[in-house]
Amino acid sequence: GENVEQHPSTLSVQEGDSAVIKCTYSDSASNYFPWYKQELGKRPQLIIDIRSNVGEKKDQRIAVTLNKTAKHFSLHITETQPEDSAVYFCAASIGYGNKLVFGAGTILRVKS
Amino acid sequence: NAGVMQNPRHLVRRRGQEARLRCSPMKGHSHVYWYRQLPEEGLKFMVYLQKENIIDESGMPKERFSAEFPKEGPSILRIQQVVRGDSAAYFCASSPPAGAQQYFGPGTRLTVT
């Protein structure tokens, strides 16, 4: 079945630096790739997503890139702030109805 | 436009009891997904439903778990004869008919004692 690998599992950066999280997926039929941010005890929040017909998408300090040939996609956060500290999950859609397969998550710590 | 609603937010059950978790999708959304999150782990797909139909239940355990999304009212995830291993956060998400974006509810944290 579909598998999504996510790296790194933890990431510590200094405030103001950039953070990059990478994911690979196995099902070439996947065509939708969202990223979620989850704070402790809270719901996953959709922060950005990309579809397979686009190579890059940007929203203020957050950007996502997709390489369909290599089956990997990445989240880029620039000018990190302490409030960016959270767990970030990538996901890939599979099958009819776009059910999501999630990566294992990355704990991002932004040190001030 | 209210977001996805789930209740209860916290549920404590003893081993062998039944747990019922409810999810009301966002207004205008007709697709509901249930995911389970074990402590310090990622989210795992359980079931995908549309009104009155189970579309994909490939992630549901074969026994004790069932889900429904009736014509009227919320979607319900039912766990019979709960065991300690069922302790987890259960999230539902909804999406519009023709969209892929899924928006999550606040979750129900089930604790089995």
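Chain A is the first sequence line, chain B the second, and so forth, proteins listed ahead of strands; every chain is numbered from 1. Remember, predicted model here, so these are calculated numbers, not experimental data.
Top candidate by heavy-atom pairs under 4.5 Å with chain B, chosen from A/Leu100, A/Val101, A/Asn98, is A/Leu100. Counting heavy-atom pairs closer than 4.5 Å to chain A, the top-ranked of the candidates B/Gly105, B/Gly59, B/Ser58 is B/Gly105. Comparing A/Gly103, A/Gly41, A/Ala91 by heavy-atom pairs within less than 4.5 Å of chain B, the highest count is held by A/Gly41. Contacts with chain B were tallied for A/Pro44, A/Ala104, A/Gly105; A/Pro44 has the most, counting heavy-atom pairs under 4.5 Å.
Both the backbone and the side chain of A/Lys99 come within less than 4.5 Å of a heavy atom in chain B. Interface remark: B/Gln37 contributes side-chain atoms only to the contact with chain A (heavy atom separation under 4.5 Å). Within the 4.5 angstrom heavy-atom criterion, no atom of A/Gln6 approaches chain B. Contact of B/Leu43 with chain A is made through backbone and side chain together, with heavy-atom distances under 4.5 Å.
The existence of a salt bridge linking B/Glu18 and B/Arg78 is confirmed by a sub-4.0 Å separation between a basic side-chain nitrogen and an acidic carboxylate oxygen. A salt bridge does not link A/Asp27 to A/Lys71: none of the charged side-chain nitrogens sits closer than 4.0 Å to a carboxylate oxygen. At a threshold of 4.0 Å, the pair A/Lys58-A/Glu56 does not count as salt-bridged, since none of the basic side-chain nitrogens sits closer than that to a carboxylate oxygen. Ion pairing between a basic and an acidic side chain is recognised when a charged N comes within 4.0 Å of a carboxylate O; B/Arg13 and B/Asp86 show no such pairing.
In the displayed structure, B/Glu40 atom CD is contacted under 6.0 Å by at most 12 heavy atoms of other residues, nucleotides or ligands.
Two residues are said to be in side-chain contact when any heavy atoms from C-beta on lie closer than 4.5 Å; B/Tyr103 and B/Ser95 fail this criterion.
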